[in-house]
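Letters A, B, ... mirror the listed sequences (proteins, then strands); counts begin at 1.
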Protein chains: 2
Amino acid sequence: MTGLAPKARINNRRELILDASAALFVEKGFVSTSTRDIARATGMLPGSLYYHFASKEDLLVAVFQEGVQRISEGVDVALATAGPDPWVRLQSACEAHLAMLLGASNYAHVVIRTLPSDVPDAEKTLVGLRREYEARFTALCDALPLPLQVDRSVLRLMLIGAMNHTPVWFRKGRDTPAGLARKFIGNVRGAQACADASVEANFEEDRG
Amino acid sequence: MTGLAPKARINNRRELILDASAALFVEKGFVSTSTRDIARATGMLPGSLYYHFASKEDLLVAVFQEGVQRISEGVDVALATAGPDPWVRLQSACEAHLAMLLGASNYAHVVIRTLPSDVPDAEKTLVGLRREYEARFTALCDALPLPLQVDRSVLRLMLIGAMNHTPVWFRKGRDTPAGLARKFIGNVRGAQACADASVEANFEEDRG
DNA sequence: ACAATAACCAAGCAATCGTTTGCTTAGTTA
DNA sequence: TAACTAAGCAAACGATTGCTTGGTTATTGT
């Protein structure tokens, strides 16, 4: 009777709780979201949440984890069909990242909106999860054909900062994740752009 | 006896309260900072704060306002001695912005760390203040000699996003605001860099 | 049919929240 | 010295917070 895994009952509302929490965490932030808010959104009573999650912070960690997994999968899928060109690969990753961040999934948004230092007890966990994800961009930037004097680390952090700031100003309809990814990469291609300038003007248009 | 302005007593602790609040808002965020935290940090009792500020939100607005003013002044001063070159001017502005953000002044950090949507009642005020400041970068980016197809608005938002993300990863000693500004601008100079490549390799070193 | 348990409700706990109130003290002005 | 006020203390207000506890329902395997 090791019985750790709970047998799946028909209606497992765990996911419902996670969905509602993700939406609320995006809308009001973690600290400003009360367990009663979540309970109300799921049609339960506050205490009932604690059957599924040990604490409010555990709930955040679960949402955060799900967010990291989804955005990771999105990027990985994009990279799997991106071809060999380093710049195209980076742009594809950015497009997937932005699509997750600006699209319907609240989970990814929680990951970049939640400041780990706001949740001291879970800080290390969250930072670790995020770093694990961002390692993808480390690899992508290291693979770029860049002059030696370019600080790839700064380039990566620049891109990540720029992308994670988009939820503040993005307006659906005026921009698209694909369009932004193209402009972002275009802006940092730098010297490369001189050589092979308009080579992929057509590549950009068959997406988004 | 219109007497709206309070006569200055010797020890006006308003600034002390603002300083302590700014530090705490940076460390723990606005929502997670209690009025008791602020009171303890200033050596007062919680209620005494309300002699100086009508509400906790008003206190935030005051800190935010001070932050916007300081970072604006920093950028304006930098621009006043930056010369005519549009790229140099932009880089100087970025350097000043980063210096404020990563330096000793907590006020500037509050401005970029506080998500206005976390404070619904003061949201419009904060957004307005921030936009007024960021207008400087709109002008700077519009002045850049760029190919027509470059979206200056996205370039600006990219830079701002990248800069405002630096507090997350910046390590004093490993980087400097001036160094980062140089790298940031270098990364987005793009096609320009081909033409006048190493012209200002010496310009960068006499600062920071 | 029966025991087991997943899933939830109902109620309330102690702690903390932002804020208010009434009063005191120190300093200024007349 | 008397009137006034800036500044803050002491104490508590009602509301909200995350969470616990004990009981209830409904589904499940046997």
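Judged by distance alone, with hydrogens and angles left aside, the side-chain atoms of B:Lys172 form no donor-acceptor pair with the main-chain N or O of B:Leu102 at under 3.5 Å. Remark: side-chain polar atoms of B:Tyr107 are not paired, donor with acceptor, to backbone N or O of B:Met100 under 3.5 angstrom. Not a single donor-acceptor pair under 3.5 Å links the side chain of B:Thr114 to the backbone N or O of B:Val111. Distance alone, capped at 3.5 Å, places no donor-acceptor pair between the B:Lys183 side chain and the A:Arg152 backbone. Proximity of a side-chain donor or acceptor of A:Ser21 to a complementary backbone N or O of A:Ile17 within less than 3.5 Å is detected. Counting only distance, with no hydrogens or angles, the side chain of B:Arg89 and the backbone of B:Pro84 share no donor-acceptor pair below 3.5 Å.
The side chain of B:Met44 approaches D:dC9 more closely than any other nucleotide in the set C:dA10, C:dA7, D:dC9.
Axis angle between the ends of the helix from C:dA1-D:dT30 to C:dA30-D:dT1, five pairs each and rounded to 10 degrees, works out to 20°.
Separating the CG atom of B:Asp121 from the P atom of C:dT19 is a distance of 10 Å, rounded to the nearest angstrom. Note: CD1 (B:Ile38) to P (C:dT19) measures 10 Å, nearest angstrom. Atom pair A:Tyr50:OH and C:dA11:P shows a separation of 19 Å (rounding to whole Å applied). Nucleotide C:dA6 holds its P atom 18 Å from the CG atom of A:Leu49, rounded to whole Å. With rounding to whole Å, A:Asn12 atom CG is found 12 Å from D:dT28 atom P.
OP1 or OP2 of C:dC8 has at least one side-chain nitrogen or oxygen of A:Arg13 nearer than 4.0 Å. The side chain of B:Tyr51 places an N or O atom within less than 4.0 Å of a non-bridging phosphate oxygen (OP1 or OP2) of D:dA7. Distances shorter than 4.0 Å separate none of the side-chain N or O atoms of B:Ser48 from OP1 or OP2 on D:dA7.
Across all strands, A:Thr42 comes closer than 4.0 Å to no nucleic acid atom at all (heavy-atom distances).
When each of B:Pro46 and B:Ile17 is assigned the nucleotide of DNA chain D bearing its nearest heavy atom, the one mapping closer to the 5' terminus is B:Ile17. Taking the nucleotide of DNA chain D with the nearest heavy atom to each of A:Thr33 and B:Arg14, the more 5' of the two is matched to B:Arg14.
Legend: salt bridge (Lys or Arg N to Asp or Glu O under 4.0 Å) pairs involving residues 33-50 of chain B, not counting sequence neighbours, sorted by first then second residue: B:Lys28-B:Asp37, B:Asp37-B:Arg40. Under the side chain to side chain donor-acceptor pair (under 3.5 Å) criterion, the residue pairs touching residues 121-135 of chain A are A:His97-A:Tyr133, with sequence neighbours excluded. Residue pairs meeting the salt bridge (Lys or Arg N to Asp or Glu O under 4.0 Å) criterion with at least one partner in residues 110-119 of chain A, sequence neighbours excluded, are A:Arg113-B:Asp118, A:Asp118-B:Arg113.
Cation-pi check for B:Lys56 over B:Phe30 is met; the charged atom lies under 6.0 angstrom from the ring centroid and within 45 degrees of its normal.
Within a heavy-atom distance below 4.0 Å of DNA chain C, the residues of residues 52-63 of chain B found are B:Ser55, B:Lys56.
In this model, a donor atom of one side chain and an acceptor atom of the other lie less than 3.5 Å apart for B:Glu73 and B:Gln69.
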With the criterion being N/O to N/O and under 3.5 Å, what pairs connect the protein with nucleotides 13-16 of chain C, and how long is each?
none

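Considering only heavy atoms from C-beta on, B:Met163 comes within 4.5 Å of B:Phe137 through its side chain.
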